[in-house]
> 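The structure follows.
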Protein chains: 2
Amino acid sequence: MIGDRWSLLILRDCFLRVRRFEEFQSRLGVTRHVLADRLKKLVRFGVLRRSPYQESPTRYEYILTQKGLDLYPVVMAIVHWGDTHMVDERGRPMLHEHKSCGKVFDPVLVCSECGEPIVAKEVHVHAGPGAAEGMAKELAARAK
Amino acid sequence: MIGDRWSLLILRDCFLRVRRFEEFQSRLGVTRHVLADRLKKLVRFGVLRRSPYQESPTRYEYILTQKGLDLYPVVMAIVHWGDTHMVDERGRPMLHEHKSCGKVFDPVLVCSECGEPIVAKEVHVHAGPGAAEGMAKELAARAK
DNA sequence: TTTTATAGTTCCATTTTAGAACTGTATGGC
DNA sequence: GCCATACAGTTCTAAAATGGAACTATAAAA
């Protein structure tokens with residue numbers, strides 16, 4: 001769903017309160033053709049909804065659904081990784097303020113059970129109830 | 001860097017301890033051509049390093065660098081979103097156990113300052129020191 | 001009457017990806 | 001010695017996705 005050049009950038013802009021076709025297009029520089037297609041796809045996946053904001057002519061804007069809002073950790077994790085590893089000497093392009101505590105913050109991924117930050121080496125993966133036998137087979141089936 | 005169909009899937013497999021060309025290829029079903037290219041790119045970005053594991057013929061495996069390990073929150077956030085919104089009736093394909101506390105957990109994104117879970121509506125964004133004037137301009141410059 | 005705003009669609013050239021076969025070094029079986 | 005297998009790629013062509021630019025449609029404003 002996000003495996004293409006633009007979907008994640010579109011979603012990032014959604015979280016920055018961008019809602020309209022022209023604004024996505026001019027901010028990102030994506031071609032109109034591809035943008036129209038990606039917005040359609042994101043609506044089809046239930047991540048955005050297309051909502052009319054005026055009549056005659058009816059025009060629509062794109063708004064995150066709850067399913068879309070739940071992608072916030074994904075976008076924030078990418079942004080924070082970029083802030084850590086990809087900024088130039090000028091520093092971060094944006095700062096995030098947590099309204100509820102009033103401070104500029106970094107996002108931290110923690111364990112739901114013990115509250116400690118999660119690092120890859122401290123995690124062990126095992127099969128769950130929906131385990132697939134083989135991933136390649138699975139992907140092939142899904143593509144149909 | 002991750003704006004294509006395979007990079008994130010390759011990285012997910014890296015976190016599942018996959019290291020070798022053949023194993024990436026057979027697990028993901030990506031074409032060998034594209035896989036070779038993506039691995040090269042990830043090495044160039046400093047996310048993976050190419051490390052010899054035998055002589056004559058010398059063969060290499062791909063291992064996450066620290067910069068790559070730092071992408072764990074990104075991958076985990078996507079996996080967790082999938083677990084929440086995309087699983088079928090069988091349930092989750094995988095469970096994650098936190099070695100340090102011994103429990104099966106979910107990843108939660110919290111505020112570094114107050115420790116509370118972060119939701120999009122509670123975050124206010126403002127310009128940081130490296131703020132760009134216009135995003136489209138910025139992307140165009142970066143592409144050169 | 002012409003211009004502007006907005007949200008698209010259409011067309012063609014370029015780039016990327018898929019699919020399959022091929023290359024090169026070495027090991028192990030017979 | 002000869003053939004099959006393992007591994008990590010490279011090469012080739014066809015199909016699909018993307019880029020770039022122009023065009024459509026509705027209506028308000030100048």
Side-chain angles (χ1 to χ4, degrees), chain A residues 1-11 13-14 17-45 48-64 134-144, chain B residues 1-11 13-14 17-45 48-64 134-144:
Chain A
M1 201 198 79
I2 55 175
D4 68 81
R5 187 159 177 179
W6 294 107
S7 296
L8 276 171
L9 291 168
I10 291 167
L11 286 167
D13 276 9
C14 288
R17 274 74 176 177
V18 174
R19 288 165 141 77
R20 299 196 185 165
F21 192 94
E22 295 294 325
E23 202 180 351
F24 287 114
Q25 204 280 317
S26 69
R27 284 174 56 92
L28 296 172
V30 55
T31 62
R32 311 175 72 77
H33 177 63
V34 170
L35 176 58
D37 183 75
R38 278 324 99 89
L39 289 171
K40 247 178 234 164
K41 245 176 219 176
L42 291 170
V43 168
R44 186 146 40 78
F45 277 115
L48 298 179
R49 71 193 153 83
R50 188 160 171 272
S51 158
Y53 70 88
Q54 70 165 40
E55 306 269 320
S56 66
T58 313
R59 295 200 198 287
Y60 299 91
E61 55 186 6
Y62 295 88
I63 301 184
L64 288 161
M135 211 52 231
K137 221 178 298 175
E138 200 69 5
L139 286 169
R142 201 176 302 168
K144 283 172 195 167
Chain B
M1 202 197 78
I2 56 175
D4 66 83
R5 187 159 175 180
W6 295 105
S7 296
L8 276 171
L9 292 167
I10 291 167
L11 286 167
D13 276 8
C14 289
R17 275 75 177 178
V18 175
R19 290 163 139 76
R20 300 195 184 164
F21 191 92
E22 294 294 326
E23 203 181 350
F24 287 114
Q25 205 280 317
S26 69
R27 285 173 57 91
L28 296 173
V30 55
T31 64
R32 310 174 73 75
H33 178 64
V34 170
L35 177 57
D37 183 75
R38 278 323 98 89
L39 289 171
K40 246 177 233 163
K41 246 176 219 177
L42 290 169
V43 169
R44 185 147 39 77
F45 277 116
L48 299 178
R49 72 194 153 82
R50 187 159 172 271
S51 159
Y53 70 90
Q54 70 165 41
E55 306 269 318
S56 65
T58 313
R59 293 202 201 289
Y60 299 91
E61 54 185 7
Y62 295 89
I63 302 183
L64 287 161
M135 211 50 230
K137 220 178 297 175
E138 199 70 6
L139 285 169
R142 200 177 303 169
K144 282 172 192 167

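All values reported here derive from a predicted model rather than from experimental measurement. Throughout, protein chains are lettered first and strands after them, A, B, ... in sequence-line order, and every chain is numbered starting at 1.
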> Decide yes or no for Leu48(B) and Ile63(B): does some side-chain heavy atom of the first lie under 4.5 Å from some side-chain heavy atom of the second?
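Sidechains of Ile63(B) and Leu48(B): no contact.
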> Is Tyr62(A) touching bases, backbone alone, or none of the nucleic acid, heavy atoms closer than 4.0 Å?
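Sugar-phosphate contact only.
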> Under 4.0 Å between any heavy atoms, over every strand shown, what does Ser56(A) touch: base, sugar-phosphate, or nothing? Just pick one.
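Counting heavy atoms under 4.0 Å across all strands, the contact made by Ser56(A) is with sugar-phosphate only.
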> For Cys14(A) and Phe24(A), which heavy atoms make the closest approach, and how far apart are they?
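Here Cys14(A) and Phe24(A) meet closest at SG-CZ, 3.7 Å.
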> With heavy atoms under 4.0 Å as the rule, sort Tyr53(A) into base, sugar-phosphate or nothing.
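Contact class for Tyr53(A): sugar-phosphate only.
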> Tell me, do Tyr62(A) and Arg20(A) make a side-chain contact under 4.5 Å, heavy atoms counted?
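With C-beta onward as the side chain, the pair stays apart.
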> Side chain to side chain donor-acceptor pair (under 3.5 Å): which pairs involve residues 51-60 of chain B, sequence neighbours left out?
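Checked against side chain to side chain donor-acceptor pair (under 3.5 Å) - neighbours excluded - no pair reaches residues 51-60 of chain B.
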> Side chains of Val34(B) and Trp6(B): closer than 4.5 Å at any heavy-atom pair?
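When only atoms from C-beta onward are counted, Trp6(B) and Val34(B) do touch, with a gap below 4.5 Å.
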> Go through DNA chain C in 5' to 3' direction and return only the first and the last nucleotide with some atom under 4.0 Å of chain B's heavy atoms.
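Endpoints of the contacted stretch of DNA chain C: dT17(C) to dA26(C).
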> Heavy atoms only: give me the nearest Phe45(A)-Met1(A) pair and the separation to one decimal.
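Scanning both residues completely, I find the closest heavy atoms to be CD1-CG, 3.1 Å.
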> Quick check on DNA chain C: between Asp37(A) and Arg59(A), whose nearest nucleotide comes earlier from the 5' end?
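So the residue in question is Arg59(A).
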> Using every non-hydrogen atom in the two residues, find where Arg38(A) and Asp4(A) come nearest and quote the distance to one decimal.
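The answer is NH1-OD1, 3.4 Å.
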> Which sits closer to the 5' end of DNA chain D, Glu22(B) or Glu55(A), going by the nucleotide each is nearest to?
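Checking each residue's closest nucleotide, the 5'-ward one belongs to Glu22(B).
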> Hey, are the side chains of Val18(A) and Ile10(A) touching, using non-hydrogen atoms and a 4.5 Å cut-off?
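Side chain of Val18(A) against side chain of Ile10(A), heavy atoms only: no contact under 4.5 Å found.
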> Nucleotide range of DNA chain D contacted by chain B, 5' to 3', under 4.0 Å to a heavy atom?
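Listing 5' to 3', DNA chain D meets chain B from dA6(D) to dT11(D).
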> Go nucleotide by nucleotide along DNA chain C from the 5' end; which of Tyr60(A) and His33(A) gets its closest nucleotide reached first?
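Taking each residue's closest nucleotide, the earlier one in sequence belongs to Tyr60(A).
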